[in-house]
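Reading through the structure tokens given below for one structure.
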Amino acid sequence: MSILIYTESENGKLKKAAFEVASYAAAIAAQNGLSVTAVSFNTDDTDTLGTYGVSKVLNVKNENLSEFNATLYADTILQAAEKETATLVVLGSSANDKFLAPMVAVKLNAGYAPNVVSLPESTNPLKVKRTTFTNKAFALTQVDTEKAVIGLAKNSFGLKEEQTTCTTEDFAPTIVESSSKVLSTDKATGKVTIADAEIVVSGGRGLKGPENWGMIEELADVLGAATACSKPVSDLGWRPHGEHVGQTGKPVASNLYIAIGISGAIQHLAGVNASKVKVVINNDPEAPFFKAADYGVVGDAFEVVPQLIEKLKEYKANNT
Amino acid sequence: MKILVCISHVPDTTSKINFANNDTEFDKNGVQFVINPNDEFGLTRAMWFKEKQGASITVVNVGTADTEPTLRKALAIGADEAIRINATPTDGFFVAKQLAKVVADGQYDLVIAGRESIDYNGGMVPGMLATLTGANFVNMCIGLEVEGTTAKATREIDGGKEEIETTLPLVIGAQKGLVEEKDLRIPNMRGIMMARKKQLAVLEPEAVEAQTQITSFEKPAAKGDVKLVSPDNLDELISLLHNEAKVI
Ligand SMILES: Cc1cc2nc3c(=O)[nH]c(=O)nc-3n(C[C@H](O)[C@H](O)[C@H](O)COP(=O)(O)OP(=O)(O)OC[C@H]3O[C@@H](n4cnc5c(N)ncnc54)[C@H](O)[C@@H]3O)c2cc1C
Ligand SMILES: Cc1cc2nc3c(=O)[nH]c(=O)nc-3n(C[C@H](O)[C@H](O)[C@H](O)COP(=O)(O)OP(=O)(O)OC[C@H]3O[C@@H](n4cnc5c(N)ncnc54)[C@H](O)[C@@H]3O)c2cc1C
């Protein structure tokens, strides 16, 4: 018996989130005398999963599955789970993971616990802690079915090395006809996405207009960060919708979140609170964000940010 | 085209979140309930199909009688009829099973649900419903056109978007971007009056067992105070982020 994980890759290379999912599953496996099997699609670097406690990888090499297709991917994960007689399937929390997990759960007749933030408090019955009310609370959730699907919240467990001998097998699932196909994909290349970013630099209405985003992008560049914005900024068309973070936008769970000219409304905070460290730059010392932040600078963004960029450049030059 | 819009009845985004009964239940005291924002985007898109392509719209909620004002609001916005499955929605699977019965009985071509509901954040009902009914599914949907039985949908992916061609019957997980914020509708007086005359059918639930249960809630630990750094001393900020927080 084993724990099955779905490890996401892009252009043949595993995403960092895959290693977090592996680390998490390996920790559960160690507690219960199980092993971890990963299922992956068209991935070249499957061996690296051995570093994080995976002992077997079922690698699906199939041209027809080079593009994400939820039904076919979910069918494949199901077949892998059956082959491995897995009673627990763990996925991450990317857009594709969240697309697949409920489908896999129904196919497997398994209860699904999404947004899980820590190791199970018990495995029989399975009890896990997950976030609810957009990070305003945790819910201890018990899964009452024999099989379970866990969606691991991003950046909640981290990477834990656990050297394991890892073998990769070609896996050829039975693939049915699909009535869905991808017509086109539009993705900025070479830009860090909010979903994958360790650092997110975010701007609000305090920046006055889209013409002032140069310094936000530069700061993000220096830090290797993704750029984000508050809701009104995307509603006003200053920035694309895809950058809107918060309760009704994208969730952020980065290591560092830097909020510039953002007041810290409850709906904004709810969506970014899962970030580990928050820095706020705002000229109003009464801005609510200061109550939610770890570090704050009370000052004019137009003075603080350019200086911060210069100092970070110096710091980077001295530390590499 | 017959459209079913699934409506989750959720606490307003400004609500204080508290728990009652030894932290085993959400405390509804003093909480205002609204249509889940993702469902509002979905309903607005459904109205476009109604007005431009003659679609009919049914809204549905699985919930107790206190969700009826939320369904009435959806009727006031322009849905044709409403269904309430009279049950306490105990988990996402239970809800999806109830909705699957509604879909099978009503033969809907398009089911619009929200990407996630802002209370329990499950993000599971639409995917489960699609799988239970054998429909195609597009999650995080930010664009949708339907011509005959062919649908063109745009979905958000990490760092961009993707265009998908698929066929009806289809379930989508709607979110911001499916319609513009400014196109969201606020019910007007006429809509509210008309909503009173529209049908709100109350149906008894199927016998289904939930697969999960929440045994207790807890709130995150209180945060420590913010450390303020002077704008003239940004080196200190960098040093704190490097040495103390260890994030750069
Ligand atoms: C149903 C609902 C859902 C919502 N969902 C979201 C969501 O998901 N995400 C979200 O972000 N919002 C959301 N909102 C909106 C939210 O309530 C706030 O209106 C919004 O977050 C405010 O954006 P802001 O902080 O950029 O602007 P403001 O509140 O206008 O704040 C601007 C800040 O910039 C500061 N500032 C001004 N000039 C400077 C300067 N020179 N230097 C430094 N600082 C300066 C000001 O002191 C102020 O604090 C939602 C609202 C509703 C009703
Ligand atoms: C008294 C009470 C007890 C509860 N106990 C539990 C519990 O123990 N465990 C648990 O997981 N949840 C519990 N819930 C929450 C309830 O089950 C949720 O409505 C359900 O789990 C779906 O929430 P979700 O966040 O998973 O929905 P999501 O999957 O995030 O919702 C996505 C979309 O699905 C549709 N949808 C969701 N819910 C409904 C609905 N009820 N009717 C119509 N459409 C809907 C909407 O379109 C929504 O936008 C409880 C609720 C109540 C009132």
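Below, read A as the first sequence line, B as the second, and so on, with proteins coming before strands; counting in each chain starts at 1.
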Interface residue of largest heavy-atom contact number with chain B, from [options], under 4.5 Å:
options                                : answer
A/Phe138, A/Phe68, A/Phe133, A/Tyr112  : A/Phe133
A/Gly249, A/Gly299, A/Ala137, A/Pro285 : A/Ala137
A/Thr145, A/Val143, A/Asp235           : A/Asp235
A/His241, A/Lys187, A/Lys181           : A/Lys181
A/Glu198, A/Glu303, A/Lys250           : A/Lys250
A/Lys291, A/Glu243, A/Lys231, A/Glu10  : A/Lys231

Please output the residues of residues 212-220 of chain B in contact with chain A, using a heavy-atom cutoff of under 4.5 Å, in numerical order.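 Heavy-atom contacts from residues 212-220 of chain B to chain A are B/Thr212, B/Gln213, B/Ile214, B/Thr215, B/Ser216, B/Phe217, B/Glu218, B/Lys219, B/Pro220.
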
Decide yes or no for [X] and [Y]: does some side-chain heavy atom of the first lie under 4.5 Å from some side-chain heavy atom of the second?
X        : Y        : answer
B/Thr14  : A/Gln267 : yes
B/Ile118 : A/Gln247 : yes
A/Tyr315 : B/Ile248 : yes
B/Leu132 : A/Met103 : no
B/Leu241 : A/Val277 : yes
A/Leu183 : B/Ile164 : no
A/Lys98  : B/Glu116 : yes
A/Asp294 : B/Val226 : no

What distance separates A/Lys107 NZ from B/Thr131 OG1, expressed to the nearest 0.5 Å?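 Rounded to the nearest 0.5 Å, the NZ-OG1 separation comes to 6.0 Å.
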
CZ of B/Phe93 to CG of A/Asn109: how many Å apart, nearest 0.5 Å?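 Separation between the atoms: 6.0 Å.
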
Proximal component of A/Lys127, with respect to chain B [non-hydrogen, under 4.5 Å]: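 It is the side chain, since no backbone atom gets that close.
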
Any chance the side chains of A/Ser179 and B/Asn136 put a donor and an acceptor closer than 3.5 Å?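 Yes, a side-chain donor-acceptor pair sits under 3.5 Å.
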
Please test B/Ser15 against A/Lys136 for side chain to side chain donor-acceptor pair (under 3.5 Å), starting from the C-alpha separation and ending with a verdict. CA-CA 10 Å; B/Ser15 305; A/Lys136 287 182 213 159; over 6 Å; no

If you look at every heavy atom in A/Ile266 and B/Thr13, which pair is closest and at what distance?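 Taking every non-hydrogen atom into account, CG2-O, 3.9 Å.
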
Which residues share a side-chain contact (heavy atoms from CB on, under 4.5 Å) with A/Asn135, sequence neighbours left out: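 By the side-chain contact (heavy atoms from CB on, under 4.5 Å) rule, A/Asn135 matches A/Thr131, A/Asn273, A/Ala274.
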
Mind telling me whether A/Phe99 and B/Phe137 have parallel, tilted or perpendicular rings, with 30° and 60° as the class edges?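 Rings of B/Phe137 and A/Phe99: perpendicular, over 60°.
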
Residue, of B/Asn233, B/Asn38, B/Thr167, that accumulates the most heavy atom pairs under 4.5 Å with chain A: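 Ranked by contacts with chain A, first place is B/Thr167.
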
In terms of heavy-atom pairs under 4.5 Å, which option from B/Arg155, B/Met140, B/His242, B/Lys16 contacts chain A the most?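 The residue among B/Arg155, B/Met140, B/His242, B/Lys16 with the greatest pair count is B/Arg155.
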
